[in-house]
Amino acid sequence: MRGNQLKLGVIINYASVVIGLMITLFYTPIMYKGLGESEYGVYSTTMALVSNLSLLSLGMNSAFTRFYSRKKLEGNEEGVHRLNGMFLTVYFIMSALALLCGVIIALNYRAVYGGVMTEEELSRTPLLTMILSLNVAVTFPESLLESTMTVNERYVVHRSLNAIKTIANPALMLPILLLPSLAKWRTSVALAAILLIVHCLHILWCFLYCKKALRFKARFGHFDMPLMRSIASFTLFVFIGIIVDKLNWSVDKFLLGKMVSSTASGVYYLADQLNVYFLSLATILSNVLIPRVHRIVADGGDDAELSRLFIKVGRLQFMVLAPIWLGFLFFGKFFVGVWANGQMDVYPIALLLMGSTIIPSIQNLGIEIQHAKNKHQFRSILYLIVCVVNIIFTIVALKLGHGGVGAAAVTAFTVLVGNGLIMNIHYKKKIGLDIGRFWRSILSLLPALILPAIAGYLMMRFVPIDGYVLFLLCCAAFVLVYAVSMWLFGFNAEEKATVTNVLGKIKRKLLRR
């Protein structure tokens with residue numbers, strides 16, 4: 001049952017990401033055009049700032065997974081209920097703090113957003129800030145419910161609910177963007193309000209499922225202070241790490257909105273949307289393996305077992321991410337020209353952001369291994385230092401007039417140095433992972449990229465892509481060449497056996513029909 005949940009969870013998660021990507025491809029340009037450059041810029045700038053309020057979570061999700069797994073392993077049901085009550089209490093406090101911060105930002109909107117926004121643009125930020133702050137506030141109790149489903153490996157329901165939420169937002173907004181009779185509601189405020197409504201409905205469904213299927217209970221008023229001190233000690237450095245990740249991926253948009261223009265921030269936001277989905281593809285497999293990692297560590301599992309899992313997941317994630325980045329390199333200009341309304345700066349920005357995240361993305365299971373071992377302190381401090389360097393040099397790049405591309409280049413460089421080079425040394429020296437074997441395994445996949453790279457370059461060079469049909473045909477040809485090349489030169493025996501087994505099952509099911 002657990003194995004089926006994991007497999008179905010991965011499949012649904014990939015389907016959800018593909019749906020999200022399709023929505024990005026078709027809905028985002030409609031939203032950008034419907035709202036207009038100015039309104040879209042106001043929305044993206046405000047969202048970039050307010051989303052940072054989620055940092056108040058303090059890394060509690062990782063702490064909940066770690067301590068819940070240990071209570072469950074002990075068979076301590078009452079302890080689980082008290083743990084739920086403790087975390088819910090903390091989350092409600094965080095929600096209140098998020099709302100308070102939202103009120104402060106809204107009351108001081110001129111000081112916060114002033115400089116590059118027009119008077120009309122500024123007038124829309126207070127209400128927009130409050131709605132987005134409410135949206136952040138409800139995510140805290142929601143995260144406990146989602147973590148409960150994840151740690152109990154109820155991947156199918158969890159991923160299905162997330163997929164429905166992903167579809168619901170644009171489905172409700174499209175009529176406003178497209179119907180002339182609803183044009184008066186075509187504002188960033190309306191978009192944020194719909195986002196909030198869908199979010200609240202999602203929380204309700206999550207609660208009902210946890211209550212009924214997982215017998216979720218929360219005991220309040222029984223704070224275990226020694227446990228709370230352990231949680232606080234654990235979450236402090238997780239919190240620092242979350243701050244770094246959040247700032248690294250949002251500071252560029254905010255600084256562009258503050259130092260250049262809301263339009264420049266909107267362009268960067270479009271590129272970052274592509275990077276968000278690129279990153280989400282990398283976390284699908286590792287996310288469903290989080291409970292397994294914590295069980296292995298809690299059961300006293302050795303480093304060799306963790307290294308095998310780390311390498312296996314890293315290879316699979318590289319096989320997914322490498323062709324996407326290569327495909328975007330060769331065919332991305334046409335796509336950006338159509339999708340981003342001719343805002344061609346989106347192409348180099350997205351290329352830089354996605355390229356820099358490949359190394360940390362194929363190693364993101366290592367983050368949970370560090371959490372499970374309670375050895376994440378170095379990573380958090382390192383990322384904090386790298387983040388400060390990123391902010392300083394991004395400001396310099398913007399003052400020198402390099403715009404969004406310069407900001408993305410600085411971010412890419414800091415990510416490669418911090419998340420890539422230095423962290424690999426740490427994984428080897430302190431975490432006990434076999435990094436040498438990991439990179440030998442990843443490098444063995446590179447020969448499989450030669451044929452698709454040649455094919456992509458030839459198509460880019462000699463095929464004038466001037467429409468969707470030709471674009472899709474070129475992408476399909478590229479994927480076919482990649483699949484054949486990976487089978488011939490990349491897959492190991494175990495991966496070939498897995499693919500053959502899956503295809504065999506599909507064939508047998510089709511023959512039965």
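Fair warning: this is a prediction, and the values are worked out from it, not measured in the lab.
- Between the side chain of R315 and the main chain of S441, a donor-acceptor pair closer than 3.5 Å is present.
- Counting non-hydrogen atoms of neighbouring residues, nucleotides and ligands closer than 6.0 angstrom, the CZ atom of F471 exceeds 12 such neighbours.
- Between L326 and F331 there is no side-chain heavy-atom pair separated by less than 4.5 Å.
- Remark: K428 engages I435 in a side-chain contact (heavy atoms from CB on, under 4.5 Å) (not counting sequence neighbours).
- Among all heavy-atom pairs drawn from R379 and I367, the shortest one is NH2-CD1, 3.4 Å.
- Proximity of Y269 to L256: side-chain heavy atoms (C-beta onward) are nowhere separated by under 4.5 Å.
- When only modelled atom types and interatomic distance are considered, N152 and Y68 share a side-chain donor-acceptor pair under 3.5 Å.
- Side-chain contact between P323 and V479 is absent, with no heavy atoms from C-beta onward closer than 4.5 Å.
- Note that CG of L449 and OG of S485 are 7.0 Å apart. Values are rounded to the nearest 0.5 Å.
- For the atom pair OG1 (T45) and CG (L255), the distance works out to 11.0 Å, reported to the nearest 0.5 Å.
- Annotation: K430, atom NZ; neighbour count of heavy atoms from other residues, nucleotides and ligands within 6.0 Å does not exceed 12.
- Judged purely by atom type and a 3.5 angstrom limit, Y482 has no side-chain atom pairing as donor or acceptor with the backbone of I324.
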Going through the checks in order, is the side chain to side chain contact (heavy atoms under 4.5 Å, CB included) test met by V338 and Y468?
CA-CA 9 Å; V338 175; Y468 277 118; 2.7 Å; yes
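- Closest heavy-atom contact between C474 and V463: SG-CG1, 3.9 Å.
- Looking at S95 and V138, their side chains never come closer than 4.5 Å, going by heavy atoms from C-beta outward.
- E142 has a carboxylate O that lies under 4.0 Å from a charged side-chain N of K165, or vice versa, which qualifies the two as a salt bridge.
- The minimum heavy-atom distance linking H376 with N374 is given by the pair CE1-OD1, 3.2 Å.
- Electrostatic pairing of K373 and D303 counts as a salt bridge here, judged by a charged N lying under 4.0 Å from a carboxylate O.
- Side-chain atoms of S265 come within 3.5 Å of backbone N or O of K253 as a donor-acceptor pair.
- In this structure a side-chain-to-backbone donor-acceptor pair under 3.5 Å is present from N492 to E495.
- The closest side-chain heavy-atom distance from S307 to F438 is not below 4.5 Å.
- V346 places none of its side-chain heavy atoms less than 4.5 Å from the side chain of Y268.
- Summarising the geometry, atom CZ belonging to F318 is positioned 9.5 Å from atom OG belonging to S444; distances are rounded to the nearest 0.5 Å.
- The closest side-chain donor-acceptor pair between Q370 and Y427 falls under 3.5 angstrom.
- Closest non-hydrogen pair, A271 versus A350, comes out as CB-N, 3.8 Å.
- Heavy-atom minimum distance, T394 versus A407: CG2-CB, 3.8 Å.
- Side-chain atoms of F278 and L274, non-hydrogen and from C-beta on, never get closer than 4.5 Å to each other.
- Counting heavy atoms from C-beta on, the side chains of F328 and F335 come closer than 4.5 Å.
- Note that the CD1 atom of I454 and the CE atom of M459 stand 11.5 Å from one another [nearest 0.5 Å].
- Scanning all heavy atoms of the two residues, the minimum distance from F64 to S147 falls at CD2-CB, 3.6 Å.
- Rounding to the nearest 0.5 Å gives a distance of 5.5 Å between CG of L451 and CZ of F489.
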Stepwise side chain to side chain contact (heavy atoms under 4.5 Å, CB included) test for K333 and I465
CA-CA 10 Å; K333 282 187 178 180; I465 300 177; over 6 Å; no
Derivation of the side chain to side chain contact (heavy atoms under 4.5 Å, CB included) call for F216 and H81
CA-CA 8 Å; F216 178 87; H81 298 159; over 6 Å; no
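- The side chain to side chain contact (heavy atoms under 4.5 Å, CB included) with C206 is formed by just one residue from the set T148, L144, L161; it is L161.
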Sequence neighbours left out, cut at 3.5 Å: what donor-acceptor pairs do the side chains of residues 351-358 make with other protein atoms?
from, atom 1, to, atom 2, distance (Å)
S356, OG, L352, O, 3.3
S356, OG, L353, O, 2.9
T357, OG1, L353, O, 3.4
T357, OG1, M354, O, 2.8

Under 3.5 Å, which donor-acceptor pairs link side chains of residues 413-426 to any protein atom two or more places apart or in another chain?
from, atom 1, to, atom 2, distance (Å)
T414, OG1, V410, O, 3.3
T414, OG1, T411, O, 2.8
N424, OD1, Q363, NE2, 2.8
N424, OD1, W439, NE1, 2.7
N424, ND2, Q363, OE1, 3.1
N424, ND2, G420, O, 2.6

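- Between atom CD1 of residue I203 and atom OG1 of residue T139 there is a gap of 7.5 Å, rounded to the nearest 0.5 Å.
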